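What follows is a set of notes on a single structure, which appears directly below.
On a predicted model such as this, the values are computed, not experimentally measured, just so you know. Atoms within each ligand, like the ligands themselves, are counted from 1 in listed order. Throughout, residue positions are numbered sequentially from 1 according to the sequence presented.
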Amino acid sequence: MNKTWWKEAVIYQIYPRSFMDSNGDGIGDLNGITSKLDYLKYLGIDVIWLSPVYKSPNDDNGYDISDYQAIMDDFGTMEDFDKLLAEAHKRNIRIVMDLVVNHTSDEHKWFMESRKSKDNEYRDYYIWREGQNEQTPPNNWGSCFSGSAWKYDEETKMYYLHLFSTKQPDLNWDNPKVREEIFAMMKWWCDKGIDGFRMDVISMISKTKEMPDGKVNGLYGDYAPYSVNGPNVHKYLQEMNKKVLSKYDIMTVGETPGVTTELAKQYAGEGSHELNMVFQFELVDYGGKYGKWTDEKMPLTVMKQIISRWQTELYGTAWNSLFWDNHDQPRAVSRFGDDRPEYRNASAKMLATCLHMLQGTPYIYQGEELGMTNYPFQSPDEFRDIESINGYKEWCLDGKVSHDVFWPCITWKSRDNARTPMQWDNTEYAGFTAGKPWIAVNPNYREINAKAETADTNSVFHYYKKLIALRKEHPIMVYGKYKLLFEDSEELFVYTRTLENEKLLVVCSFSDKEIPFTIPDGFVRKPCLISNMKNAYDHQDIVLRPYEAFVLHRYQQ
Ligand code: TEU
Ligand code: CA
């Protein structure tokens, strides 16, 4: 297996709008991020993934880009960006940009041209189709953010495709001019010195020519068979790799809804000349009662099967990316751990242990290192996210399901859980802004904040710091081979990693009860690399406390 810097790195995701506000307008910005680089350096991360900072009307908080080579007004200027990049590099921190090229904003100049007339030179940059009439779109596909995936455009009396919001028209990747423009833009950023790309819904860029109705699932037809992992996606990524990626020492991670382990080997296989790794969604897309909205919890055995399949099938052939949460997901500790006050600290550390000891590149989403929790929503007016706002309207206000039934589902999955401001200290608005924040601060900032966490050596923060440092000392954490033990347990996630004559035993309790446990032969009294409890692990039969996690290390005789 090739050794590379991005396999050994730990990546920290920043959602700039909610990270740090430097000028009191209530919106996080680039100078805010620069002011917190020392905090990130102290944590020990190697790479920042910046969610989009480009010019945008913010229909989807920057995932709707109107100019790929300019900075969003709310976030600052290109000079601020250059300063952030230089200051990060000074600290040996790399910066990976979000590349959102499945769609643009409808305010991008390409789309403003495209919609003008059928013979405009930009017409074919987007996906236009005739519908039967103004009320009947070309097919029954639903958009990710509710409603039809087609919008009728008065100007030319045709429909354009938008798999996300109506303000995010899908680009037509079959047009070679579109690809050339995107590749040129990517080179421009690489020449500036950025260190890679996280590619937004990159598995959705290639659509079939025929666009028949999809199977109705929920309220609309499913577009996936015709636009996810589509006919030319690998061809286009290989072209991108050849013309851009291969010319720079950068890393790439594809956000690939619908990816399987087999496809991951194509997208991110050693030697497939596409991407370095992909994000898979099997852990986070579990369940769904009303579209994606659900309050179902994944059984531990199911989680272990999914993780084990990815660990085993990609071993030696492709590379995993590891994450519990991001800006689109609820908070990790609330979803997979236990955010009740007595268990929050232990279960956040347990989840961190479980993830960072797996093979792959770990991603930390801002605030995860503090054990930040879901937001206690009281009313739908608190939503800021287009997906939650439209979802509430489509399912609840339009009368398909009652508020009481729907509320636990939408509050459990809402992306706004992850988007409340970073909790820096216990002053007003958690030290995020001197003004009024664009989205409410989680009221638990008085207890959960970076100032308190960095001051307390027993904190979630210091545990993450230690895990990151361990990764630098123990290549087995990066390169060791994975094996699952006790696969039928609904309480314990136990696995080993093996590298030459070294072995790690990773034990994580996902239970709020005490669980008896027999330490496998050969590991009793072996050095403990990290544990979230005070325990000697010097007897074979022990009782694990709620959410206990530890890692033992041995050399084979
Ligand atoms: O997300 C794409 C995606 O498939 C989902 O995670 C989506 O956000 C939604 O939760 C589906 O239920 C990416 C970005 O990460 C997201 O923030 C953007 O809104 C989206 O693409 C469109 O650019
Ligand atoms: Ca600001």
Side-chain angles (χ1 to χ4, degrees), residues 13 15-35 49-54 56 58-65 71-77 80 98-105 142-146 149 162-171 198-205 218 223-224 227-228 253-259 278-281 283-288 290-294 323 325-330 363 365 384-391 394 409-410 413-419 421 429 432-438:
Q13 184 192 351
Y15 194 68
R17 205 169 192 78
S18 305
F19 191 65
M20 182 65 200
D21 175 22
S22 71
N23 63 352
D25 66 356
I27 299 175
D29 46 48
L30 294 175
N31 289 338
I33 299 171
T34 307
S35 74
W49 151 25
L50 261 191
S51 274
V53 297
Y54 317 93
S56 162
N58 282 306
D59 192 51
D60 185 19
N61 288 350
Y63 283 89
D64 48 321
I65 297 169
I71 298 295
M72 187 192 300
D73 295 335
D74 287 340
F75 290 174
T77 63
D80 298 336
D98 217 310
L99 184 77
V100 188
V101 289
N102 172 67
H103 43 267
T104 67
S105 163
S143 125
C144 274
F145 296 156
S146 301
H162 62 90
L163 296 180
F164 294 90
S165 97
T166 53
K167 286 182 68 62
Q168 291 167 303
D170 283 56
L171 282 164
R198 172 269 186 190
M199 300 188 190
D200 195 63
V201 288
I202 202 70
S203 56
M204 289 160 62
I205 58 173
Y223 59 72
S227 43
V228 178
V253 51
E255 192 212 22
T256 47
V259 72
V278 293
F279 291 127
Q280 57 96 351
F281 285 84
L283 288 178
V284 293
D285 277 352
Y286 178 78
Y290 313 106
K292 75 167 246 183
W293 309 108
T294 186
F323 69 100
D325 57 3
N326 60 38
H327 65 295
D328 293 332
Q329 300 296 333
Y363 289 73
Y365 177 66
R384 293 290 172 273
D385 171 27
I386 182 168
E387 187 189 46
S388 303
I389 293 171
N390 292 357
E394 178 159 86
C409 299
I410 194 162
K413 288 287 294 281
S414 173
R415 307 196 297 183
D416 279 337
N417 283 304
R419 298 178 180 186
Y429 301 131
F432 162 72
T433 179
K436 197 171 168 354
W438 69 278

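- Within the 4.0 Å heavy-atom criterion, neither part of Tyr15 lies near ligand 1.
- Among protein heavy atoms, atom 14 (C) of ligand 1 sits closest to Asp200 OD1, 3.0 Å.
- With a 4.0 Å heavy-atom cut-off, ligand 1 is reached by the side chain of Pro257 but not by its N, CA, C or O.
- Coordination check, Ile27 versus the Ca ion (ligand 2): passed, since an N/O/S atom of the residue sits under 3.0 Å.
- At a cut-off of 3.0 Å, Ser22 does not coordinate the Ca ion (ligand 2) through any N, O or S atom.
- In this structure a side-chain-to-backbone donor-acceptor pair under 3.5 Å is present from Glu255 to Val201.
- When distances from the Ca ion (ligand 2) to the N, O or S atoms of Asp29 are compared, OD2 comes out shortest.
- Numbered from 1 in the order shown, with element, the atoms of ligand 1 that lie under 4.0 Å from a heavy atom of Val201 read 2 (C), 4 (O), 21 (O).
- In the vicinity of Lys292, heavy-atom distances shorter than 4.0 Å reach the ligand 1 atoms 10 (O), 12 (O).
- The closest approach of Asp21 to the Ca ion (ligand 2), by N/O/S atoms, is made by OD1.
- Near Glu387, meaning under 4.0 Å from one of its heavy atoms, ligand 1 places the atoms 9 (C), 10 (O), 11 (C), 12 (O).
- For atom 3 (C) of ligand 1, the nearest non-hydrogen atom from the set Glu255, His103, Gln329 comes from Glu255.
- Neither the backbone nor the side chain of Met204 comes within 4.0 Å of ligand 1, counting heavy atoms alone.
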